[in-house]
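Only one structure is covered here, and it is reproduced in the block below.
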Amino acid sequence: MSHVKLKTMFICLMLVVALAVPGFAQEDVIKIGLITSLTGSVATYGQSVRNAVTMGVDDINAAGGINGRKISLVILDDKGDATEAAQAARRLIDRENVAMILGPVITPCVMAVAPIAQAAGLPMLTPTGTGDQITSIGDYIFRGAYKDSFQGRIMAQFAAENLGIKEAAIIYDVANDYSVGLRNAFKATFEELGGKIIAEESYSTGDTDFSAQLTSLAMRNPESLFIPDYYSTAGPILMQARLLGLDSVMLGVDGWDSPDLSALAGGFEEGGYIVNHYSADVDSEVTQNFIARYTEKFGQAPDALAALGYDGVLIMASALEAAGSTDPEALKHALGTVGDIDAATGVINMDPEGTPIKSAVILRITGGKWELVDRIDPIGR
Amino acid sequence: MNKLSSLIKGIILLLAYLVVQLLERQGVLLPYHVQILSLCCINVILVVSLNLINGFTGQFSIGHAGFLAIGAYASAYLTVVWQAPFLFAIICGGVLAGIAGLAVGLPALRLRGDYLAIATLGFGEIIRVIILNTDAVGGARGFSGIPKYTTFGLAYLMAIFTVVVIRNFVTSDYGRACLAVREDEIAAESLGVNSTYFKVLAFTIGAFFAGTAGALFSHYLQYMAPTPNQIGFVKSIDILIMLVLGGLGSITGSIVAAITLTIIPELLRGFAEYRMIIYPILLIIVMIYRPAGLLAGNELSLSGITQFVKGARAHGNHT
Amino acid sequence: MAWHIMALQQLINGLALGSVYALIALGYTMVYGIIKLINFAHGDIYMLGAYFGFYAITVLKLSLVPAVLTSMAGAALVGVLLERIAYRPLRNSPRIAVLITAIGASLLLQSTAQLVFGASFKPFPQAIPFRRIQLGPVFITNRQLLIFGVAVLLMVILHIIVHYTKLGKAMRAVSMDKEAALLMGINVDRIISATFAMGSALAAAAGILVGMYYNRIDPYMGMMPGLKAFVAAVLGGIGIVPGAVVGGLLMGVAENVVVTIGSSTLRDAVAFAILIVVLLFRPNGLLGKKGIEKV
Amino acid sequence: MATTPELMVNNLCVQFGGLKAVDQVCFSLKPQTLAGLIGPNGAGKTTVFNALTGLCPVTSGQISFNEKQLTNEAPHNIARYGIARTFQNIRLFRNLTVLDNLRIAYHQNRQYSLLCSVFRSARFKREEAQITAKAKEALALVDLADKADHIAGSLPYGEQRRVEIARALMLNPKLLLLDEPAAGMNPHETQCLLELIRKLRDDLQITVLLIEHDMKLVMNLCEELFVLDYGHLIATGDPKSIQNNERVVEAYLGGCMA
């Protein structure tokens, strides 16, 4: 190899190293780390969270910061990979000296970061992590979302008690903990309430063809079909299900909440029910305000992950305010006790156990719009 | 001379360890850095062990993460559920992965090149789907609550152990037989080399070390998720990239590449969305300029380095 | 629905899914046939094709056929450029080096697409209405029919090009012996470029069809189907045009059969297990010829 | 000198699809003979070698070597019984050094275990030294001692042929099969080769069977010849009688005109 080529390569490498050195931090700010998935196959969710979190932090700083101190956000990408998330966490803790970690977005990443935060004694709050096991890792671990078991139970109760459904089928993503967790909770509660799960089918993350599973389900002709997954997969499933002749009542989860659902489902989502945090039509000013501003800023309406990301910032802000400092012990205490936060996904009360206590709504898609059907106040967790 | 150079190498390795320990105590190296160094060591084990299969024996496996998965989950199950000592768990993880390697080596007897590659890929995915469906190890929720037993020292020691064992293997009659199978199976057979045996042997040994790397990995991350980028084909391809970048058939190349490619994504992390654009461009540039890998199948050696330092012109083709 | 009717219905579903694999596999197999490269970026060209089609329909307001043609042309251009920039410098290098470059190209296309088109899932504009065609007790949707028809049509066209045209003859010559082809006055570079153009255009057509069929596109849509299609191409015997279609259809049907008679959670594992078993009995794929090594 | 045949080939048939490459061939070799297998192109000579060394399946017939049945044995086992060969299209391990090429061939005689090699036991070191010494000895035999550290593929053609012979010798063979050893050599090199083969037979007391088109070499070197044509053995005998055999002449002339 010629020396010129070697030199070019060397210069390229040096450039990368030089660019990668982080900028200098100011002293009078509160440093917060955000770990999210900006690249990789779950980037769409991670970018929603990133957008909402930066918007939330900008809001706080514009309003004068917290107790006079501005928030500075360090955003690190985890590629949706647990190993990378762990690296990012260590970097935030050791090199960036952040006061608190927001994120990561998906449960596998959260599960890799949580033991590190716990061992380091640094509070962390995942706005979106739903896996039941997350908060049991330690007392420094908090979340802003529902537990899978809570949401799955709510939908099962609603289906059995309010809709009077006796038979349900489930189609879920066997490779996704969110989907599996919701399916487990739904199944348990539904059977407890005397219902019967007559068929179950599964698929894997990244699949686009569900016709085999749906044809099998169609043969059993279930009264209702529970589809615990994000809008990106639920949409195509809804469309394919209807085209294959399934006319069951479709039951969904908060992951369905996206402006794109209707287009992805080809309009076949009509009549479906979901559990959600808030109802865009009737809920608070904060919610309306958030949706309007997010839409304006990013050119698309927020999905559920964006709303949760924004609320993560609100929870963090009230905890920082309540703690009065960035002392981890005080912050941890505050994160477990702050309450009455008027957030985009409704009123949030935190709990020392780590999962917020918030109400849920059941929405029904009627004429292409989400319509409030029921409001369920939290009955414990 | 030989003894002397081994001694010097030993001293350098020991010194390197002591320097890391010292710098860590002084606070120059943060836990963040030490964690990256541990990951480097784990990746070195993975790449060097794949080198035995792909580089030295000339097979084409892209299912290495499957062996890692077996080692990672088996050892975690042992330490979490049975509270087994870590060293025992590592060995069990390695042995189980080795048995799986034996099973995968068998198709290798009939399949060649790209067909073998696809079979190994399929094998890796089968392992992943099985783990995904096994509730005892957490299924899709992942395996959490694994104790943090992997220290830098242990990972470092295991990496050295792996490198020494595999280097000794490939420079013995066994390794020469593997090389012969890679170079020309028919000639090897006619010289009395049982090519079947050596293919399976390479798969078994490579898988064993990948299994130990898996054990280190699960007790490093404290959590295993059955995702493609953790134990699936994305991970297998990551290992393959490191191997080819370092150069097939070069152990030192594998080491250099494993370390470089573990650190580069870390350096690029701040670039957010641009990171995954810069990384593949670097990869393509390196491959275009160094198609045979960074070290082009040669080994870095002490004498080579001293010669280089002395400015000897011998540097280049043979070191 | 009776059991045997469902089996028939699943067969139709399987053939439709298999057609998707076959469409992508055709491009893989063409490129492989010529330069023995597993073009890992092929799945991502397919993704780009879907996006080109998306923008041709939504932004340029083209109707379906011109949109497909535009997208095929765009993808062909990307394919040719890719070969020029990333693969050609490595033509005489070890195959594995080119493979790694192809993986790099795949990553690059994915992340560039994510940056340019956005990471979110986009609903594909529905250029044709949904329709169910009843065939006695079973039915087929017009999209399934379309996918199946196009896969077979493209295979036939490709077969004709490869076997009955001058270009095809040159391609076969290059695939057998590059040096000899060169001596015969064949412009090898041009033939390889043409192959990449054709393979990429095929992928783009597949991308649009699949986008329409499943109603969803995203920057990573090429990854899993790309992998499965590659497996299908190998199953059929890589480098053999009808092999790609046979392999694709078989994969599709096998996956559906597994779901029908067994557990859908193990679908991918069983599909891969079938692959391995088939390869053990036919080490060069279903339609592959046995390579006799000369001693 | 023992008189019982060492190698016995009885009714050997090798069939590829519908093509009978070797048909009903019978011959035997006495120990320490220098024998030649000749015949026009495509007569099936290399196929006989491949059948003898297990590289192609025998359709019917038997091969025995020192009264051991070798029919359809795995090639590496045949090597163990003491049959070594070279190839028409030189099959050296081109990317390895000459020394390594030779050391690989000592494989069957290696005694140390996997653990010995991994932990570099004293036994390992002792034996490796022996192997290297033995390889250098074999190289010296073919006059290439100074090329030990060269990459095999970089040597000139004639030297590669000699390395291949030396490599075969590392097996301590009783029977050495040489497939066109003089192909591509100039007359001087061919002369040296002739002397080398003779020396090998005399010094190592081995049997040599060679395929060769260079009739001068064959007639000067071989003590016994077997002539193949279209898979059939058409003549056997000493060089003189073969030269005067009408069928052989006809086969060769026919071969030339075809």
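Chain letters run A, B, ... following the sequence lines, proteins first, then strands; residues in each count from 1.
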Shortest non-hydrogen contact from B/Pro280 toward C/Gly104: CB-O, 3.2 Å
Any B/Phe233 side-chain heavy atom under 4.5 Å of C/Met224 side chain: yes
Residue among B/Ile241, B/Thr120, B/Asn54, B/Leu132 with most heavy-atom pairs under 4.5 Å to chain C: B/Ile241
Non-hydrogen side-chain atoms of B/Leu243 and C/Ile96 separated by less than 4.5 Å: no
Min side-chain heavy-atom separation C/Leu108-B/Tyr279 under 4.5 Å: no
Inter-residue atom distance C/Leu227.CG - B/Ile118.CD1, 0.5 Å rounding: 6.5 Å
Reported CE-to-CD distance for the pair B/Met276 and C/Gln110, which is rounded to 0.5 angstrom: 8.0 Å
Top contributor to chain B contacts, counting heavy-atom pairs under 4.5 Å, from C/Val270, C/Leu90, C/Leu109, C/Asp268: C/Leu90
Smallest separation among heavy atoms of C/Ile238 and B/Tyr115, with atom names: N-OH, 3.2 Å
Flag side-chain contact, heavy atom, 4.5 Å: B/Asp114 against C/Arg95: yes
Close side-chain approach of C/Leu115 and B/Tyr274, heavy atoms under 4.5 Å: yes
Point-to-point distance, once rounded to the nearest 0.5 Å, from CD1 of C/Ile103 to CG of B/Leu240: 5.5 Å
Any donor-acceptor N/O pair, B/Arg110 side chain to C/Pro283 backbone, under 3.5 Å: no
Option that, when pairs with chain C are counted at under 4.5 Å, heavy atom only, ranks first among B/Val244, B/Leu106, B/Leu283: B/Val244
Closest contact, heavy atoms only, C/Ser111 versus B/Ile277: CB-CG1, 3.8 Å
B/Ile127, part contacting chain C, at a heavy-atom distance under 4.5 Å: neither
Top of C/Thr101, C/Ile100, C/Leu107 for chain B proximity - count of heavy-atom pairs under 4.5 angstrom: C/Ile100
Nearest atoms (heavy-atom pairs only) where C/Ala97 meets B/Pro291: CB-O, 3.2 Å
Closest non-hydrogen atom pair, C/Pro89 against B/Ile288: CB-CG2, 3.8 Å
Within-4.5 Å side-chain heavy-atom neighbours: C/Leu275 and B/Phe123: no
Approximate separation, where rounding is to 0.5 Å, of C/Tyr87 OH and B/Met287 CE: 13.0 Å
B/Leu121 and C/Val231, any side-chain heavy atoms less than 4.5 Å apart: yes
